[in-house]
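Here is the naming used below: chain letters follow the sequence lines, and residue numbers restart at 1 for every chain.
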2 protein chains.
Amino acid sequence: MTATIQTISPSCSDCPIRHRAVCARCEMDELERLEEIKYYRSFEAGQTIIWSGDKMDFVGSVVSGIATLTQTMEDGRTQMVGLLLPSDFVGRPGREGAAYDVVATTDILMCCFRKKPFEKLMSETPHIAHRLLEMTLDELDAAREWMLVLGRKTAREKIASLLSIIARRDASLTGDGGVRPMVFDLPLTREAMADYLGLTLETVSRQISALKKDGVIHLEGKRHVTVPDMGRLMEEAGDDSDGGVFA
Amino acid sequence: MTATIQTISPSCSDCPIRHRAVCARCEMDELERLEEIKYYRSFEAGQTIIWSGDKMDFVGSVVSGIATLTQTMEDGRTQMVGLLLPSDFVGRPGREGAAYDVVATTDILMCCFRKKPFEKLMSETPHIAHRLLEMTLDELDAAREWMLVLGRKTAREKIASLLSIIARRDASLTGDGGVRPMVFDLPLTREAMADYLGLTLETVSRQISALKKDGVIHLEGKRHVTVPDMGRLMEEAGDDSDGGVFA
DNA sequence: CATCTCACTTGATCTGGGTCAAGGATTTTT
DNA sequence: AAAAATCCTTGACCCAGATCAAGTGAGATG
């Protein structure tokens with residue numbers, strides 16, 4: 001149950017996540033400096049990557065697999081505060097410790113940079129700091145969108161919101177535009193969905209069954225989802241602001 | 001009901017919010033450049049400062065007064081996603097439009113910088129970009145802490161959480177350390193609290209009454225709050241992580 | 001001084017989602 | 001192939017918080 005630390009380190013331009021990673025706009029000499037501090041790290045499903053409060057000596061991006069950011073109260077109530085899908089960034093440059101538990105939900109491969117040298121590089125390279133700010137603003141928007149979901153939506157709307165976010169992210173990763181019907185696999189257990197949505201796993205299960213009965217989604221097995229009509233799903237989510245992805 | 005635009009523009013070093021403002025670590029020539037693009041703007045209680053989606057041509061900080069960031073669904077359900085107290089920063093450098101409605105809850109004075117030149121200054125001054133990143137990370141932490149409140153806390157815990165956050169902020173502004181008992185004025189109506197907490201105003205009212213009956217807080221009028229024991233309040237909030245302010 | 005309005009309180013009732021409990025379907029272990 | 005462990009579903013019941021409704025109290029307005 002320990003992390004396999006692999007030092008594959010292909011050249012940064014081969015990095016499978018370069019389209020969103022900080023290195024996307026780097027010059028050759030910056031690439032070389034990034035190369036020196038870069039390493040890959042893989043974790044098994046269920047492993048905790050970082051514990052809240054632990055010192056975090058790296059930043060990085062998810063290459064493949066899924067992880068979650070969660071907060072837990074003393075009595076065990078837990079709330080997921082972030083979902084890390086491939087290309088998402090993890091880490092808080094300038095901060096010592098981790099603020100949340102980071103848990104691998106599936107087997108996961110991360111592309112990491114040692115934190116200290118990364119910060120040095122960042123302070124010397126304006127566009128990296130810029131890119132970080134942009135990504136942090138994106139995360140802030142996502143967190144605030146989720147506050148509306150948690151605070152004001154019904155259980156059914158919450159499920160529909162989650163499905164439509166996952167579908168959207170999945171489509172943008174596979175470049176699968178607005179093709180209908182939309183097909184994807186749920187990367188989360190019912191319990192993890194419940195933790196994201198502020199519900200119980202029973203309610204999640206019931207609402208998924210209800211959406212299925214009403215023909216909003218179709219299920220094969222427990223995880224494989226087909227959405228015959230994304231517009232319908234987003235209506236169910238109470239969401240007109242579709243972000244233009246499926247316009 | 002239009003905004004009074006005053007161009008008081010005292011020198012930046014006189015800025016009442018310089019301790020948290022972006023200019024805190026600026027050199028003299030940067031201060032002068034900031035001075036050129038700086039202006040003050042005041043709004044009356046109830047005024048909407050920016051509408052979600054509107055083009056936003058400034059960034060800035062709250063000097064005095066309170067504003068809120070809110071999101072609204074088509075059917076009128078609203079969720080507050082941020083509370084802007086004095087010294088808080090507003091604006092999304094690098095983004096065109098506003099993502100949320102910004103509403104003045106009390107009369108408010110803002111210290112603004114024109115956006116385009118501010119962005120230029122930012123791209124030429126690493127430590128400003130740095131400071132912005134830090135502030136955005138703070139906001140992200142606050143948003144995620146609030147996700148736990150919205151998703152997993154009971155009505156009573158939500159109220160206690162809000163009171164303890166306001167008390168904390170108030171104390172750090174007035175430099176009023178850990179002095180017990182803690183006294184402050186609620187800057188929000190019951191309805192605004194409800195919008196922040198994902199509750200109805202009736203529930204907010206009932207829970208405040210309950211906390212009062214149980215001696216957790218004491219009320220004079222409807223807004224003036226005395227907290228005889230901050231530790232007790234934070235227990236009620238289900239919150240051990242007190243941020244060390246009242247350790 | 002009477003009336004309005006706005007912010008709040010309190011009561012009565014209803015209901016969405018939580019809780020508790022009993023399975024079912026797959027996969028993993030032995 | 002039996003046993004155990006996961007993950008999921010469904011039913012029955014309950015309760016925290018929503019909804020509906022009727023006030024109260026303190027400023028503002030005429």
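- The distance from atom NE2 of His224(A) to atom P of dT26(C) is 16 Å, rounded to the nearest whole Å.
- Under a 4.0 Å N-O distance rule, the pair Asp185(B)/Lys222(B) does not qualify as a salt bridge.
- Using a cut-off of 4.0 Å between Lys/Arg side-chain N and Asp/Glu carboxylate O, Glu139(B) and Arg144(B) are scored as not salt-bridged.
- Put simply, chain A comes within 4.0 Å of DNA chain D, heavy atom to any atom, from dC8(D) to dA12(D), going 5' to 3'.
- For NE2 of His218(B), the number of neighbouring non-hydrogen atoms (other residues, nucleotides, ligands) closer than 6.0 Å is 12 at most.
- Rounded to an integer number of Å, the gap from Lys158(A) NZ to dG16(C) P is 14 Å.
- Under a 4.0 Å N-O distance rule, the pair Asp138(B)/Arg92(A) does not qualify as a salt bridge.
- Remark: C1' of dA7(C) and CG of Leu219(B) are 14 Å apart, rounded to the nearest angstrom.
- We find that Glu236(B) and Arg232(B) are joined by a salt bridge, their nearest charged nitrogen and carboxylate oxygen being less than 4.0 Å apart.
- Defining each end axis of the helix from dC1(C)-dG30(D) to dT30(C)-dA1(D) as the rotation carrying four pairs' C1' atoms onto the next four, with five pairs an end, the two axes are found to diverge by 30° to 10 degrees.
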For nucleotides 17-23 of chain C, list the nitrogen or oxygen atoms of the protein found under 3.5 Å from its nitrogen or oxygen atoms, one pair per line.
residue	atom	partner	partner atom	Å
dG17(C)	OP1	Ala155(A)	N	2.8
dG18(C)	OP2	Thr200(A)	N	3.4
dG18(C)	OP2	Thr200(A)	OG1	3.1
dG18(C)	OP2	Thr203(A)	OG1	2.4
dT19(C)	O4	Arg206(A)	NH2	2.8
dC20(C)	N4	Glu202(A)	OE2	3.3

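- Counting heavy-atom neighbours within 6.0 Å of Glu191(A) CD, excluding the residue itself, gives a total of 12 or less.
- Taking 4.0 Å as the cut-off between side-chain N and carboxylate O, Asp195(A) and Arg77(A) do not count as a salt-bridged pair.
- Taking atom CD of Glu191(B) as the reference point, atom C1' of dT9(C) lies 15 Å away to the nearest angstrom.
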Open item on the list: Using salt bridge (Lys or Arg N to Asp or Glu O under 4.0 Å), reason through Arg152(B) and Asp75(A) one step at a time and then give a plain yes or no.
Closed with: CA-CA 11 Å; Arg152(B) 292 300 183 194; Asp75(A) 62 6; over 6 Å; no
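- Using a 4.0 Å cut-off between charged nitrogen and carboxylate oxygen, Asp88(A) and Arg169(A) count as a salt-bridge pair.
- Counting to the nearest Å, the P atom of dA7(C) and the CG atom of Leu188(B) are 13 Å from each other.
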